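Right, one structure below, let's go through it.
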Amino acid sequence: MSRSQQLHRPGPPSGPPGDDTGCPILHVDMDAFYASVELRTRPELRGRPVIVGGEVRGVVLSATYEARRFGVHSAMPMARARRLCPHAVVIAPHFADYSSVSAGVMGIFRSVTPAVEPLALDEAFLDVSGAIRRLGSPARIGQLIRERVVADQGITCSVGVASTKYVAKLASTRAKPDGLLVVPRDKVVDFLHPLPVGALWGVGDKTQEILIRLGLRTVRDVAHMPQPALERALGSALGARLAALAWGRDERSVVADEPDKSVGAEETFATDIDDPAAVRRELLRLSERVAVRLRSAGLQGRTVSIKIRFANFHTVTRARTLPDPTDIAREIYATARGLYEGLQLGRAPLRLVGVRVEGLLPADAPRQLLLDERAHGWREAEQAADRAAQRFGGRVVWPASLIEQSDDRGRKE
DNA sequence: TCTGGGGTCCTCTCCCTA
DNA sequence: TCTGTAGGGAGAGGACCC
């Protein structure tokens with residue numbers, strides 16, 4: 001395996017940096033994505049530590065490599081990040097900009113191959129098997145993509161090239177920032193085995209703790225652990241998965257257009273709230289948000305769940321499955337409210353509430369119309385509100401209970 | 001030290017039904 | 001009709017990912 005030259009400015013694709021035969025899977029990952037997008041509009045900040053994150057009760061969403069040198073990393077509480085890097089420039093996130101750049105980047109990927117599986121706004125797997133004859137080897141294609149992303153979107157990305165998704169993803173991480181790494185088929189085990197167990201996909205803090213307790217510190221240790229012992233310690237699914245990944249075995253293919261399985265929204269309050277009326281208003285607002293997103297995606301769901309996080313961070317969820325799928329805010333809210341009332345929380349201080357709809361299927365899927373079901377009703381009313389929002393920009397029709405909320409001071413914004 | 005928001009997947013338990 | 005059991009769906013919670 002070999003690391004390619006770092007591409008600091010666009011140029012003609014160079015020769016393949018390693019043997020990429022039989023390595024059609026690319027993992028492309030934008031470097032410090034949110035921060036890089038912000039630097040496009042504020043180039044005077046280039047070279048300085050920049051942190052993108054919320055102001056109140058927030059965490060770091062993205063940080064430039066200059067900030068990372070001070071120990072700042074994503075998901076770190078903002079208060080801690082500011083202490084570690086007090087001279088960093090802190091920018092509030094602009095998600096609309098990130099979505100727009102992401103759409104452009106995904107467009108570049110799809111111009112190379114239709115087999116694109118987005119994982120997040122800033123990364124995707126590509127299967128370039130069908131593009132090799134047209135564009136060259138996988139490594140050349142990776143280089144081409146890197147150049148196009150810089151030229152079209154003004155940000156850099158890193159690319160991992162391998163025979164499986166898992167190894168490609170690890171490779172892109174090792175290539176960061178602004179690099180490309182090929183892991184040849186016959187070097188996968190050499191590449192994986194020295195890595196710490198935390199590099200295995202699905203190993204977070206808790207699982208790492210268990211593995212270390214078992215005396216397993218590297219991927220090699222995991223690979224040589226008998227699979228039944230791993231399964232006893234971690235459960236059958238995770239144990240079997242780690243046993244396979246530790247030897248580089250990963251059967252998953254690149255799946256384009258994987259349908260969503262749930263749609264949800266949640267809100268952390270600037271300060272804890274204990275007023276049930278304010279909680280109900282928030283549930284209504286979140287139900288509205290979820291319903292709008294369901295309708296715009298042409299989806300309906302059968303199971304409504306709520307999430308309640310108490311001031312001490314303890315979290316509970318409750319769910320109810322409806323007889324029929326819905327995309328109507330009124331129905332989602334009625335279910336969410338019923339679940340909330342069922343908890344009988346009184347005035348317990350809450351820091352977060354969330355609403356989620358699961359069990360999704362296309363809104364136009366055939367279903368039985370109930371005898372007393374009105375063919376036209378709330379759904380049509382809410383669709384009319386959607387059209388008004390599209391036409392006039394923003395949400396112009398709201399439930400009356402959301403319009404007057406002068407006592408709702410706990411909410412962010 | 002103080003922990004977002006959007007998701008997916010897995011495990012365990014309970015309940016219903018055959 | 002009663003009992004034991006197995007399987008599936010639903011619900012709750014936890015871990016993980018970006």
Side-chain angles (χ1 to χ4, degrees), chain A residues 27-34 51-63 71 73-84 92-93 95 98-99 102 117-125 165-166 169-170 172-173 198-211 231-242 252 255 258-270 272 286 289-290 293 297 301-323 335 339 342-343 351-360 412:
Chain A
H27 179 257
V28 188
D29 200 346
M30 303 302 121
D31 301 322
F33 181 56
Y34 295 175
I51 299 173
V52 178
E55 285 163 27
V56 193
R57 282 188 158 173
V59 296
V60 174
L61 296 170
S62 177
H73 58 79
S74 59
M76 170 184 279
M78 282 299 287
R80 180 149 183 246
R82 285 174 195 270
R83 272 198 307 278
L84 286 171
F95 289 103
Y98 312 147
S99 293
S102 174
E117 180 182 335
L119 290 183
L121 281 181
D122 65 332
E123 59 176 309
F125 285 115
K165 287 164 85 169
Y166 165 58
K169 179 150 174 59
L170 279 179
S172 72
T173 305
L200 287 163
W201 211 342
V203 176
D205 288 346
K206 304 282 178 183
T207 310
Q208 185 166 323
E209 224 172 83
I210 296 171
L211 293 174
E231 292 186 18
R232 268 198 305 278
L234 304 171
S236 56
L238 185 57
R241 194 164 78 215
L242 295 192
R252 296 166 308 157
V255 183
E258 183 84 348
D260 285 340
K261 295 184 174 157
S262 69
V263 170
E266 58 191 56
E267 180 88 13
T268 298
F269 305 112
D272 300 338
L286 295 169
R289 250 158 72 181
V290 170
R293 283 173 50 201
R302 270 190 73 202
T303 302
V304 176
S305 71
I306 62 164
K307 175 160 136 184
I308 301 285
R309 178 165 288 155
F310 296 94
N312 65 1
F313 228 71
H314 176 65
T315 307
V316 295
T317 60
R318 290 292 182 272
R320 183 172 298 151
T321 299
L322 306 171
T335 311
L339 291 166
L343 284 168
R351 89 178 267 135
L352 170 149
V353 296
V355 174
R356 179 166 296 279
V357 173
E358 302 159 35
L360 303 185
K412 264 200 289 199

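Because only heavy atoms are used, hydrogens play no part in the values below, and waters and symmetry mates are left out as well, while side chains stay in. Lettering follows sequence order; numbering is per chain, from 1. The structure presented is a predicted model; accordingly, all values stated were derived computationally and were not measured.
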Sugar-phosphate only, base, or nothing, as touched by A:G204 at under 4.0 Å among non-hydrogen atoms: sugar-phosphate
Side chain of A:R57, heavy atoms from C-beta onward: which of C:dA10, B:dT3, B:dC10 has the nearest atom to it? B:dT3
By the 4.0 Å heavy-atom rule, please label A:L61 as base, sugar-phosphate, or nothing. base
Using atom C1' of each nucleotide, how far apart are C:dC18 and B:dT1 to the nearest Å? 23 Å
Do you know which two heavy atoms are closest between A:R318 and A:L339, and how far apart they sit? O-CD1, 3.7 Å
Can you tell me if the side-chain N/O atoms of A:K261 get under 4.0 Å from OP1 or OP2 in B:dC9? yes
With a 4.0 Å cut-off, would you call A:E266 and A:R309 a salt bridge? no
Could you please name the option among C:dC18, C:dA10, B:dT3 that lies closest to any side-chain atom of A:T321? C:dA10
Does A:R351 make a side-chain N or O approach to OP1 or OP2 of B:dC2 shorter than 4.0 Å? no
Should A:F313 be counted as stacked on B:dT3, where stacking needs a ring-centre gap under 5.5 Å and an angle between planes under 30 degrees? yes
To the nearest angstrom, the CG-P distance between A:L339 and C:dG13 comes to 12 Å
Which part of the nucleic acid, if any, lies within reach of A:A265 when heavy atoms closer than 4.0 Å are counted: base, sugar-phosphate only, or nothing? sugar-phosphate
Which nucleotide in the set B:dC2, C:dG13, B:dG6 lies at the smallest distance from any side-chain heavy atom of A:E266? B:dG6
Using heavy-atom distances to pick each residue's nearest nucleotide on DNA chain C, tell me which of A:T315 and A:T303 is more 5'. A:T303
When all nucleic acid strands are considered with a 4.0 Å heavy-atom cut-off, which category describes A:R356: base, sugar-phosphate, or nothing? base
Which part of the nucleic acid does A:S305 contact within heavy-atom distance under 4.0 Å: base, sugar-phosphate only, or nothing? nothing
In whole angstrom, give the distance that lies between atom CD of A:E209 and atom P of C:dG14. 15 Å
Rounded to the nearest angstrom, tell me the gap between atom NE2 in A:H27 and atom C1' in C:dC17. 11 Å
Taking any heavy-atom pair under 4.0 Å as a contact, classify A:T207: base, sugar-phosphate, or nothing. sugar-phosphate
Parallel, tilted or perpendicular: which fits the ring planes of A:Y166 and A:W201, with parallel below 30° and perpendicular above 60°? parallel
Of all the choices, C:dA12, B:dG4, B:dC10, which nucleotide is nearest to the side chain of A:R241 once you look at every atom? B:dC10
Mind calculating the distance between CG (A:L121) and P (C:dC18) to the nearest angstrom? 14 Å
Quick one: is A:T268 getting a side-chain N or O under 4.0 Å of the B:dT3 phosphate, OP1 or OP2? no
Give the ring-plane orientation class for A:H314 versus A:F310, where under 30° counts as parallel, over 60° as perpendicular and anything between as tilted. parallel
Between B:dG5, C:dC18, B:dT3, which nucleotide gets closest to the side-chain atoms of A:V59? B:dT3
Look at all strands and tell whether A:R289 reaches a base, only sugar-phosphate, or nothing, counting heavy atoms closer than 4.0 Å. sugar-phosphate
Relative to the 5' end of DNA chain B, which residue comes earlier, A:R80 or A:V60, by the nucleotide with the nearest heavy atom? A:R80
Whole Å only: how far is the CD atom of A:E258 from the P atom of C:dC18? 17 Å
Atom-pair distance (CG on A:N312; P on B:dT1), nearest Å: 19 Å
Which comes earlier along DNA chain B counting from the 5' end, the contact point of A:R309 or that of A:L234, where each point is its nearest nucleotide? A:R309
With heavy-atom distances below 4.5 Å as the criterion, would you say the side chains of A:R356 and A:V263 are in contact? no
Taking the side chain of A:E123 as heavy atoms from C-beta outward, which of B:dC10, C:dC18, C:dC16 is closest to it? C:dC18
Would you indicate whether the side-chain heavy atoms of A:L119 and A:H27 approach each other to under 4.5 Å? yes
Write down the distance between CZ (A:R252) and C1' (B:dC9), rounded to a whole number of angstrom. 12 Å
Taking NZ, NE, NH1 and NH2 as the nitrogens, is one of them in A:E267 or A:R289 under 4.0 Å from a carboxylate oxygen of the other? yes
Interatomic distance where CD1 belongs to A:I306 and P belongs to C:dG13 [whole Å]: 11 Å
Below the 4.0 Å mark, does C:dA10 have OP1 or OP2 next to a side-chain nitrogen or oxygen of A:R320? no
Classify the nucleic acid contact of A:K169 as base, sugar-phosphate or nothing, counting any heavy atom under 4.0 Å across all strands shown. sugar-phosphate
